[in-house]
Protein chains: 2
Amino acid sequence: MSSATRHEQRSAESQERLILAAQALILRQGYCATTVDQICNEAGLTKGSFFHHYANKDAIGHAAIDAWGAMGTRLYSAAWNDAAKDPLAQVDHMLDIMISFTKGDEPCACVIGMMSQELAQSHPELAVLCAKHLDDWTQHVARLLNEAKKIHKPVKPFDSQRVGWFLNSIWQGSMLLGKVRQKPQTIVDNLEQARAYLAALFTTTATSGITRATAAKKPRKKTVKP
Amino acid sequence: MSSATRHEQRSAESQERLILAAQALILRQGYCATTVDQICNEAGLTKGSFFHHYANKDAIGHAAIDAWGAMGTRLYSAAWNDAAKDPLAQVDHMLDIMISFTKGDEPCACVIGMMSQELAQSHPELAVLCAKHLDDWTQHVARLLNEAKKIHKPVKPFDSQRVGWFLNSIWQGSMLLGKVRQKPQTIVDNLEQARAYLAALFTTTATSGITRATAAKKPRKKTVKP
DNA sequence: ATTTACATACCAACCGGTACGTATGTCATC
DNA sequence: GATGACATACGTACCGGTTGGTATGTAAAT
């Protein structure tokens, strides 16, 4: 664990500072609009240091994407790794985490969604990396839904992956609209509707309210503050 | 109608060429990544001409957004203006139009969604313009849902605007994911799930299939090819 | 109808600033 | 002393925007 030499420590710290700076700037203004000078400035380092660690601008874009993916995995781990729970409860937990994520200081946004939008057609390499991380997320949802199918009887048969992509789209689209509208509540509203949609896949009873009022009445436990 | 002088005609044509060029480039690479040189090149004009018609780069961004909004209004008009129909049928028609829009040559994407993502925090002026157009779209959906409430009894009370924003998020998020994944089918899948969600707001019967198979069996009429 | 006077649309060349990337040097660490 | 982490200074290309000029169209005066 502590076998890292002083050089390695320093190097890792600087790289992390650069990545965090890049992520913050990308979230604020997008990838193309952020310059490596800005990244260096925000990280408190100089360009010499930057190009010592990263061959070019795309390299830190790559690193920023991977780091964001890892952060997400950490963020959702509480929901994804609780095999003791009912899978549907895990899905609910996941939605709670997503909702609590919107409560951050800066507007709720996703580096991967941002870069996907911007670079899908101009930077194939970064685009496929984004697609990979988005696919990982979706597969986690699909797995939970498949496990839920073993316990609860679906009202109608459905494809878990398709529903996973549906939820992912809602998530990304909500962050987009919540940002331009400057109304993070939009995200919460949409996630609650998504929760109702998911619940309705397994039960026809009216226990899963469609209106937000019913869903909000029972306070869910706060989980993470990223 | 034909009271336009030769100068006015030429001017309007050039402006349209510039706007179409800008939209195409923005869809492909985003706003920041597109240069006015590229726009001029694609439009077959020079920079002198460009800055004669538009004061600066943001000006054509503004024009591109408005033109895209107008295009959308034209695109959906068949669904939005058919007061004779059941409002829910109008919603279905709207979804059909959205699906047929994904079948275009170039990847299905939205100038307004793209610029919203990129400029939400860096270009407030363009951001509020995007938000305005997105709000227009949502209000059309909300209006249809409100009219539907007068005819059909909702299973549970719901807020039409909230559902409108939900559908808008699905639409934007789907285009985003469909683009990075290079799988436009993702968009169609999501829209079919949205269709099921909307139908389930008004009826508990199983007539509105959640699975895509049932929904796809009955062929819906093709509407527009943009 | 021609001429005159002017406005419009457009072009080619240029300018300041900036972005990415490099070349070289320095100092702590191994 | 060699290497790794970082800083300084610079080079090159390009981007948004300007400038001066031209050619065409328009409108009024003759």
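The figures here come from the full heavy-atom set of this structure, side chains too, leaving out hydrogens, waters and symmetry mates. Chain naming here is simple, since letters A, B, ... match the order of the sequence lines and numbering starts at 1 in each.
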Inset, instruction - Can you check each nucleotide of nucleotides 17-28 of chain C against protein heavy atoms at under 4.0 Å and return B for base, S for sugar-phosphate only, - for none, in 5' to 3' order? - result: --SBBB------
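- With hydrogens and angles ignored, the 3.5 Å screen pairs no side-chain donor or acceptor of A:Lys85 with any backbone N or O of A:Val91.
- Residues passing the salt bridge (charged side-chain N to carboxylate O under 4.0 Å, His left out) test with A:Glu42 are A:Arg28, sequence neighbours excluded.
- In terms of position along DNA chain D, the nucleotide closest to B:Tyr31 lies nearer the 5' end than the nucleotide closest to the other residue of the pair B:Tyr31 and B:Arg10.
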Distance-only criterion, 3.5 Å: show the donor-acceptor pairs between side-chain atoms of residues 123-135 of chain A and protein atoms not counting sequence neighbours.
{"from": "A:His133", "atom 1": "NE2", "to": "A:Asp66", "atom 2": "OD1", "distance (Å)": "2.7"}
{"from": "A:Asp135", "atom 1": "OD1", "to": "A:Gln139", "atom 2": "NE2", "distance (Å)": "3.4"}

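- Reading DNA chain D from its 5' end, the first and the last nucleotide to sit under 4.0 Å from a heavy atom of chain A are D:dG4 to D:dT8.
- Nucleotide C:dA9 holds its P atom 12 Å from the CG atom of B:Leu18, rounded to whole Å.
- B:His140 pairs by the ring pair (Phe, Tyr, Trp, His ring centres under 6.0 Å) definition with B:Trp80, not counting sequence neighbours.
- Partners of A:Tyr54 under the ring pair (Phe, Tyr, Trp, His ring centres under 6.0 Å) rule, at least two apart in sequence or in another chain, are A:Phe50.
- For residues 107-120 of chain B, the set of pairs meeting the side chain to side chain donor-acceptor pair (under 3.5 Å) definition, not counting sequence neighbours, comprises A:Lys179-B:Gln117.
- For B:Asp37, the salt bridge (charged side-chain N to carboxylate O under 4.0 Å, His left out) partners at least two apart in sequence or on another chain are B:Lys47.
- Dashed line: the shortest gap from a side-chain N or O of B:Ser11 to OP1 or OP2 of C:dT8 is not under 4.0 Å.
- Every residue two or more places apart in sequence or in another chain was checked for a salt bridge (charged side-chain N to carboxylate O under 4.0 Å, His left out) with A:Arg10, and none qualifies.
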